[in-house]
Amino acid sequence: RSAGTVALAAAAIVLLALTLRIAVASLSPLLIVIERDFPLPAAIVGLIGMAPPVAFAISGFVTPAIERRVGLERLVLVAAVVAAVMLGMRALAVDAITLLAATAGIFAAVGVANVLLPAVVKKYFPARIGLMTTIYTTTMAVATFMPPLVAVPLAESVGWRGSFTLWAAVALAAVVPWVAMSLRARAARADVIEQPKT
């Protein structure tokens with residue numbers, strides 16, 4: 001693979017890993033702040049807490065079959081786009097139900113991407129699987145403890161909607177390299193199909 005493709009893949013993996021954990025970790029610290037605008041019943045908070053394991057379990061079951069039909073890079077792109085859109089929708093939540101719906105969408109996208117990231121590493125870094133796995137898991141670890149440190153001060157400064165908008169912008173930035181990755185993968189498949197038989 002060319003150096004450009006490898007660099008693009010590395011950036012895509014790291015930015016997506018950052019998005020995955022930010023998406024999960026940026027809500028809980030703000031629940032008290034959100035309750036100033038609309039009530040969050042205990043049942044809704046409980047469902048929000050249950051959403052990640054349920055989404056991850058379902059994603060682990062269905063993602064491989066979907067990936068075989070639509071392609072690795074394209075499915076990761078879809079997951080990245082859905083995560084960014086749902087993070088933006090979470091900033092627009094008007095009540096507990098819309099907050100829960102946006103959060104469920106986020107966790108569904110995160111679950112799919114979590115399943116696919118190891119496959120992306122294996123495809124683009126077959127000789128450096130351990131190194132790239134360490135890099136993206138470290139990125140996830142950093143992104144897990146970062147939002148709780150800054151989410152509440154940020155929300156106090158620009159509001160909880162502004163805080164969520166910032167994380168949505170990070171997720172949107174992660175979409176960009178996956179667009180390029182998907183286009184390159186599509187072009188590569190087209191080249192293979194068009195090669196004349198000898």
Output for pair (L172 CG, L87 CG), nearest 0.5 Å, gives 10.5 Å
Just distance, no hydrogens or angles: give the donor-acceptor pairs under 3.5 Å from side chains in residues 94-108, sequence neighbours left out.
unit_1	atom_1	unit_2	atom_2	d
D95	OD1	I97	N	3.2
D95	OD1	T98	N	2.8
D95	OD1	T98	OG1	2.9
T98	OG1	V94	N	3.0
T98	OG1	D95	N	3.1
T98	OG1	D95	O	3.0
T103	OG1	L99	O	2.8

Same apolar cluster: I129 and L72, side chain cutoff 4.5 Å:
yes
Contact check, side chains of V33 and E156, non-hydrogen atoms, under 4.5 Å:
yes
If you take all heavy atoms of G88 and A168, which pair is closest and at what distance?
N-CB, 3.7 Å
Looking at every non-hydrogen atom in both residues, tell me the closest pair between P177 and L8 and how far apart they are.
CB-CD1, 3.8 Å
Nearest heavy-atom contact between A79 and A109 is O-CB, 3.3 Å
Tell me, with the steps shown, if T5 and Y124 meet side chain to side chain contact (heavy atoms under 4.5 Å, CB included).
CA-CA 8 Å; T5 299; Y124 287 90; 3.9 Å; yes
Rounded at 0.5 Å granularity, tell me how far CZ in R68 sits from OG1 in T63.
10.5 Å
Show me the donor-acceptor pairs, under 3.5 Å and distance only, between side chains in residues 136-148 and residues at least two apart or in other chains.
unit_1	atom_1	unit_2	atom_2	d
T137	OG1	T133	O	2.7
T137	OG1	T134	O	3.1
T138	OG1	T134	O	2.6
T139	OG1	I135	O	2.8
T144	OG1	M140	O	2.7

Output for pair (L77 CG, L116 CG), nearest 0.5 Å, gives 11.5 Å
Shared hydrophobic cluster, V81 / V110 (ILVMFWY, side-chain heavy atoms < 4.5 Å):
yes
Could you tell me whether the side chain of R161 and the main chain of A91 form a donor-acceptor pair under 3.5 Å?
yes
To the nearest 0.5 Å, what is the distance between NZ (K122) and CZ (F125)?
15.5 Å
Out of curiosity, does V120 fall in the hydrophobic cluster containing I66 (side-chain heavy atoms, cut-off under 4.5 Å, transitive links)?
yes
In one Ile/Leu/Val/Met/Phe/Trp/Tyr side-chain cluster, 4.5 Å: V112, V179
yes
For V14 and L18, run side chain to side chain contact (heavy atoms under 4.5 Å, CB included): C-alpha distance rounded to whole Å, both residues' side-chain angles, the deciding distance at 0.1 Å, then the answer.
CA-CA 6 Å; V14 169; L18 183 67; 5.6 Å; no
Let me see the working for L30 and S163 under side chain to side chain contact (heavy atoms under 4.5 Å, CB included), right down to the final yes or no.
CA-CA 9 Å; L30 295 184; S163 179; 3.7 Å; yes
Would one find more than 12 heavy atoms of other residues, nucleotides or ligands at under 6.0 Å from atom CD1 of I32?
no
Going through the checks in order, is the side chain to side chain contact (heavy atoms under 4.5 Å, CB included) test met by L166 and V158?
CA-CA 10 Å; L166 173 63; V158 299; over 6 Å; no
In chain order, what residues pass the ring-ring contact (aromatic ring centres under 6.0 Å, His included) check against F164, with sequence neighbours excluded?
W160
Shortest non-hydrogen contact from I13 toward L117
CG2-CD2, 4.0 Å
Closest non-hydrogen atom pair between L16 and A80, with its separation
CD1-CB, 4.1 Å
Considering all heavy atoms, the nearest W178-E73 contact:
CE3-O, 4.4 Å
Side-chain touch T19/V175, heavy atoms, less than 4.5 angstrom:
no
Does atom CZ (F61) have a neighbourhood of more than 12 heavy atoms from anything else shown, all under 6.0 Å?
no
